[in-house]
Every structure is written in C-alpha cells, then in structure tokens.
Number of protein chains: 2
Amino acid sequence: MSEGVEWALHSCLNLTWLPSGTAVPAAKLAAFYGLPAAYLNKQLQALARAGIVMSTPGPRGGFQLARSPERITLLDVVVAIEGPDEAFRCEQLLKRGPGADPEVDYRQACLVSRAMRRADLAWRRELAEQTLADLKDQVERQYPATPGNTVNRFTALRA
Amino acid sequence: MSEGVEWALHSCLNLTWLPSGTAVPAAKLAAFYGLPAAYLNKQLQALARAGIVMSTPGPRGGFQLARSPERITLLDVVVAIEGPDEAFRCEQLLKRGPGADPEVDYRQACLVSRAMRRADLAWRRELAEQTLADLKDQVERQYPATPGNTVNRFTALRA
DNA sequence: GTCTAATTACTCGGATACGCACTGTCCGAGTAGAAGTGG
DNA sequence: CCACTTCTACTCGGACAGTGCGTATCCGAGTAATTAGAC
C-alpha cells in the first residue's frame with residue numbers, strides 16, 4: 001500500500017482539531033511531520049478530487065475538511081489515495097485455460113476470485129465502520145493534550 | 001497485490017486434483033494457462049520455501065502439494081508469495097511530530113496504525129478460514145467435470 | 001479619511017525526472033532414468 | 001539373463017535484464033490581501 005495513505009490519514013486527523021473555516025496550507029501540514037511539502041500536496045489534491053477536503057488558493061488559503069468528520073470513513077481516505085480497485089485483481093486465468101467459455105465473466109464465476117473478493121470486502125467493511133470522528137474521540141480520550149498541542153503547533157508554524 | 005498470487009492459487013488448486021505422489025513440472029503447470037514457465041517456476045519456488053509444495057528435481061520430477069489441502073489455507077499461499085508484511089506499514093509518523101517520545105513504539109501506540117491493523121486482521125482471518133480443500137469442494141460441486149478435465153489435460157501435455 | 005486600483009506575495013495544480021520492486025528471462029547444478037557393456 | 005557403468009535428458013534453483021508505478025520535485029495560473037495614491 002502507498003505510503004501516502006498514512007500521511008493522508010494523519011493530516012486529516014490533524015485538520016479535525018482546527019476550528020472549522022480555517023484553511024491550512026500543505027506546507028504547514030507537511031512541516032508538522034517533516035514531510036516533503038510538494039508530495040504531500042499531491043496527496044491532498046487526491047483527497048480534494050474525492051471531495052474529502054476542499055482547497056482554497058491564495059494567501060490565507062490551504063486545505064480544510066469538506067464535511068464533518070462523522071461523515072468521513074477511513075475507507076473514504078484509503079480509496080481516495082489508493083484508487084477504487086481491489087488489491088487482488090482477477091486476470092481471468094480460467095479464460096486462458098482449457099474448456100474456457102469466452103462469454104463468461106470469470107471475475108464473477110471464478111471461485112478463487114470470489115474467495116479473494118470476500119476477504120477484500122471484510123477489509124473494506126472494517127475500514128468503512130471507522131470514521132475520522134471515531135478516531136478523533138479515541139485520541140482525545142487517550143491523549144487529552146493532543147488537540148491543544150496540535151492547534152498550538154500550527155499557530156506556531158504560522159509565525 | 002502481486003499477480004503471482006493468482007497464478008499460485010490456481011496452480012495449487014490444479015495440483016489438488018492430481019493423484020498424490022505424482023509431481024508436475026512447472027512447465028506443464030504454466031502451459032495449462034499459457035503462462036511464462038520460468039516466472040511461474042519462481043513463484044513455485046516461493047511456495048516450496050514456505051513448505052506448501054515440495055519439489056523433486058530430475059526426470060519425472062516437478063512440484064506436488066507438501067501436505068493435504070485441508071491443511072493449506074488461502075492465507076498460507078498469499079503470505080508465501082507476498083511476504084508476511086501487512087499492506088499498511090506504519091512509518092511511525094508520530095515519532096517525527098511534536099511531543100514525540102523516542103521510547104514509544106508507535107506501531108503499537110498510534111491509533112491510526114491500530115485501526116489499519118484491525119482491518120488487515122479481518123482480511124487475514126477471512127483468508128485463513130478458507131482452505132484449498134474448501135475451494136476444491138466448491139468447484140467440484142459447481143463444475144463436476146473439472147477434476148477429470150484437469151487430469152486429462154495434464155496427461156495430454158505429458159505426451 | 002475613504003474609495004479605488006495596481007502590486008505583491010502566497011496558494012494550489014498539473015507537468016516533469018528519479019528509483020525501486022514486480023515482471024520476465026536465462027543458464028548452470030543435480031538427479032533419475034535409459035542405454036550400453038561385460039560377465 | 002543380470003549387474004554395473006556411462007551417458008543422456010530433464011528438472012529445479014538462483015543469478016541476470018526490462019518495465020511500470022510510487023516517490024519526489026519544480027514551476028506556472030490564479031487569488032486574496034496589502035499598499036499606494038487620488039479624491
């Protein structure tokens with residue numbers, strides 16, 4: 001899996017703690033973890049295309065969450081970065097084997113493909129059941145200082 | 001995910017239908033689906049290293065399942081080809097952020113990492129619950145001609 | 001002091017190189033069977 | 001006819017190139033705030 005997923009998840013989580021209406025430039029989100037700003041910007045663009053964050057150009061511009069954290073699942077973020085394709089892509093080997101029917105779509109008929117798809121769905125279900133708000137609450141419960149520290153750090157970077 | 005996983009699964013399933021004790025060379029397993037023989041051989045080597053198949057060199061040699069299909073899960077095959085690492089690898093971003101504790105292992109502490117690991121475990125559980133024997137039975141139930149056709153095809157390739 | 005207009009600085013966005021892992025290929029070590037030979 | 005030796009052909013196994021995608025970077029289009037100036 002692409003490394004950008006981790007960056008996107010942590011950045012979105014950080015955006016959760018900022019007062020709504022304020023945009024954060026990619027450079028500051030990157031500086032928070034010492035990441036290459038231009039490359040993180042690329043990932044944020046993907047999130048913007050997926051409608052997870054919205055971008056505003058110009059001074060005082062940047063990124064902010066496009067909707068409330070309760071309506072953003074971890075699956076949304078992963079799909080935005082990694083793309084919608086499932087990890088196991090059936091190349092329809094059976095179509096190249098003996099006794100193959102050219103009319104059949106073996107992505108549906110092949111039982112190997114089905115078994116792998118079942119596992120993929122279990123993975124996706126688990127990711128879809130966790131929202132950014134859930135994660136945010138868990139962090140705040142376990143590390144109560146995090147929200148304040150995060151905001152302070154970003155305002156410090158603003159200087 | 002690597003394409004070799006699909007090849008390995010289908011090849012292992014084909015091996016299920018051959019009488020035990022008979023070895024099949026990689027060239028014939030590859031010819032079954034029109035795959036590049038040398039590259040499939042590479043994947044079979046990985047399966048051999050994992051103890052899923054056993055190889056015998058020389059004439060009349062080849063590959064055969066190292067244990068009964070009931071004791072080979074889909075996860076075993078996937079891990080043998082893809083390696084044991086989970087898809088989402090936590091780079092411990094928090095260690096590079098403000099307020100990081102150098103002593104903490106953030107692969108355990110980071111809640112993002114935990115959420116992703118939970119999804120990964122769900123995926124692995126689903127794969128571990130399906131054995132090659134299960135798949136074999138499903139195929140035989142749905143396509144009763146497959147076992148005979150497979151054996152015939154391999155003996156035909158032997159000519 | 002206030003309105004207007006030009007300027008400036010800042011941001012995203014897409015177009016452009018680089019590196020690594022997956023893909024694909026090749027040849028050599030080793031072995032089992034076949035063939036040949038002598039008893 | 002049988003046992004032994006030699007030879008051949010076949011198999012895996014690891015070492016060697018090619019290619020696509022993830023990684024990383026840079027510069028230009030566009031915008032909002034700022035500043036200067038005129039009224």
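In what follows, every chain begins at residue 1, and chains take the letters A, B, ... in the order their sequences are listed.
For B/E3 and C/dG24, the CD to P distance is 6 Å, given to the nearest whole Å. Atom pair A/M54:CE and C/dG13:P shows a separation of 11 Å (rounding to whole Å applied). As rounded to whole Å, 14 Å separates atom P of C/dA15 from atom CG of A/N41. If you take CE of A/M1 and P of C/dC20, they are 22 Å apart, rounded to a whole angstrom. Rounded to a whole Å, the CD atom of A/E82 is 13 Å from the C1' atom of D/dT23. Residue A/I81 contributes atom CD1, which lies 18 Å from atom P of D/dC21 at whole-angstrom precision. Separating the CG atom of B/L29 from the C1' atom of D/dC12 is a distance of 13 Å, rounded to the nearest angstrom. For the pair B/L35 CG and C/dT23 P, the computed distance is 12 Å after rounding to whole Å.
Heavy-atom nearest nucleotides on DNA chain D were determined for A/L40 and for A/P59, and the one closer to the 5' end corresponds to A/L40. Each of A/K42 and A/G58 was assigned the nucleotide of DNA chain C with the nearest heavy atom; the assignment lying further toward the 5' end belongs to A/G58.
Between B/Q64 and B/A23, the closest heavy-atom pair is NE2-CB, 4.2 Å. Closest of all the heavy-atom pairs between A/M116 and B/V78 is CE-CG2, 4.1 Å.
Here the nucleotide nearest the side chain of A/A38, chosen from D/dT25, C/dG13, D/dA24, is D/dT25. Listed nucleotides: D/dT23, C/dG13, D/dT11. Nearest to the side chain of B/K28: D/dT11.
Residue A/R49 places no side-chain N or O under 4.0 Å from the OP1 or OP2 atom of C/dC12. Residue A/Q45 places no side-chain N or O under 4.0 Å from the OP1 or OP2 atom of C/dC12. For A/S2, a side-chain nitrogen or oxygen approaches OP1 or OP2 of D/dT23 to under 4.0 Å. Distances shorter than 4.0 Å separate some side-chain N or O of B/S55 from OP1 or OP2 on D/dG13.
A/L121 and B/L9 are not part of a single hydrophobic cluster, where members link through side-chain heavy atoms under 4.5 Å apart. One hydrophobic cluster holds both B/Y33 and A/V104 under the rule that ILVMFWY side chains link at heavy-atom gaps under 4.5 Å.
Within the 4.0 angstrom heavy-atom criterion, only backbone atoms of the sugar-phosphate kind lie near A/A26; the bases stay farther away.
Here A/Y39 and A/W7 bring their ring centres to under 6.0 angstrom of each other.
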